[in-house]
Amino acid sequence: MINGSIPPDVDGINDKRAAWAKASLHTFMRATGCDYGDSLGNFLCDLMHLADRDGFDFELALNRARGHYAAETGAAPY
């Protein structure tokens, strides 16, 4: 943990969400050979490349993700 605290877990499954993300990150690390410290930034960068090629609006997706995160941690009204 970087900041020493974990945000609230509104529906009780944020540990599972984090585990799903970590599994994806580990798959990315195996495929690319990057280390854990660099993996999140590199993975996000490669997702941006994917968005370019597959017609996703990365910023829109990131903002949507921020909204989901806010709802899942109680930072947004339902």
Side-chain angles (χ1 to χ4, degrees):
M1 223 174 331
I2 292 177
N3 68 2
S5 65
I6 296 175
D9 188 351
V10 174
D11 55 5
I13 64 168
N14 286 347
D15 284 342
K16 285 184 180 182
R17 289 181 175 109
W20 299 329
K22 188 174 258 188
S24 297
L25 205 54
H26 280 272
T27 298
F28 175 79
M29 289 168 53
R30 282 191 300 275
T32 63
C34 74
D35 63 26
Y36 190 71
D38 292 330
S39 62
L40 182 59
N42 289 343
F43 188 41
L44 288 169
C45 177
D46 287 357
L47 287 172
M48 293 172 84
H49 290 298
L50 173 66
D52 292 342
R53 282 145 184 81
D54 284 3
F56 289 104
D57 181 330
F58 185 83
E59 292 299 322
L60 182 68
L62 185 57
N63 286 334
R64 184 174 184 211
R66 286 184 176 122
H68 285 278
Y69 180 82
E72 292 162 1
T73 58
Y78 288 87

[atom1]-[atom2] distance between [X] and [Y], expressed to the nearest 0.5 angstrom:
X   : Y   : atom1 : atom2 : value
D15 : W20 : CG    : CH2   : 11.0 Å
K22 : S39 : NZ    : OG    : 9.5 Å
C34 : L40 : SG    : CG    : 10.0 Å
T32 : D46 : OG1   : CG    : 7.5 Å

Which pair of non-hydrogen atoms, one from [X] and one from [Y], has the smallest distance, and what is that distance?
X   : Y   : result
V10 : T73 : CG2-C, 3.7 Å
P8  : N14 : O-ND2, 3.6 Å
P7  : Y69 : CG-OH, 3.0 Å

Practice task
Evaluate the side-chain proximity of N42 to F28: yes if any heavy-atom separation is below 4.5 Å, no if none is.
Solution key: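 SC-SC contact between F28 and N42 confirmed.
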
Problem - Any L60 side-chain heavy atom under 4.5 Å of R64 side chain - result: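 Counting from C-beta outward, L60 and R64 never come under 4.5 Å.
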
Problem - Side-chain donor/acceptor of D35 to backbone N/O of G37, under 3.5 Å - result: yes

Practice task
Using modelled atom types only, decide if a donor and an acceptor are shared between the side chain of D9 and the backbone of I13 within a distance under 3.5 Å.
Solution key: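 Confirmed, D9 side chain pairs with I13 backbone.
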
Exercise for the section: Verify the neighbour count for atom CZ of F58: are there more than 12 heavy atoms of other residues, nucleotides or ligands below 6.0 Å? Expected result: yes

Exercise for the section: Indicate, with yes or no, if F56 and L44 share a hydrophobic cluster defined by side-chain heavy-atom contacts under 4.5 Å among Ile, Leu, Val, Met, Phe, Trp and Tyr. Expected result: no

Handout entry: Contacts of type salt bridge (Lys or Arg N to Asp or Glu O under 4.0 Å), residue R17, not counting sequence neighbours
Key =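 R17: salt bridge (Lys or Arg N to Asp or Glu O under 4.0 Å) contacts with D11, E72.
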
Exercise for the section: Apply the test side-chain contact (heavy atoms from CB on, under 4.5 Å) to residues L25 and Y36: give CA-CA distance (whole Å), side-chain angles for both, the deciding distance (0.1 Å), then the verdict. Expected result: CA-CA 8 Å; L25 205 54; Y36 190 71; 4.0 Å; yes

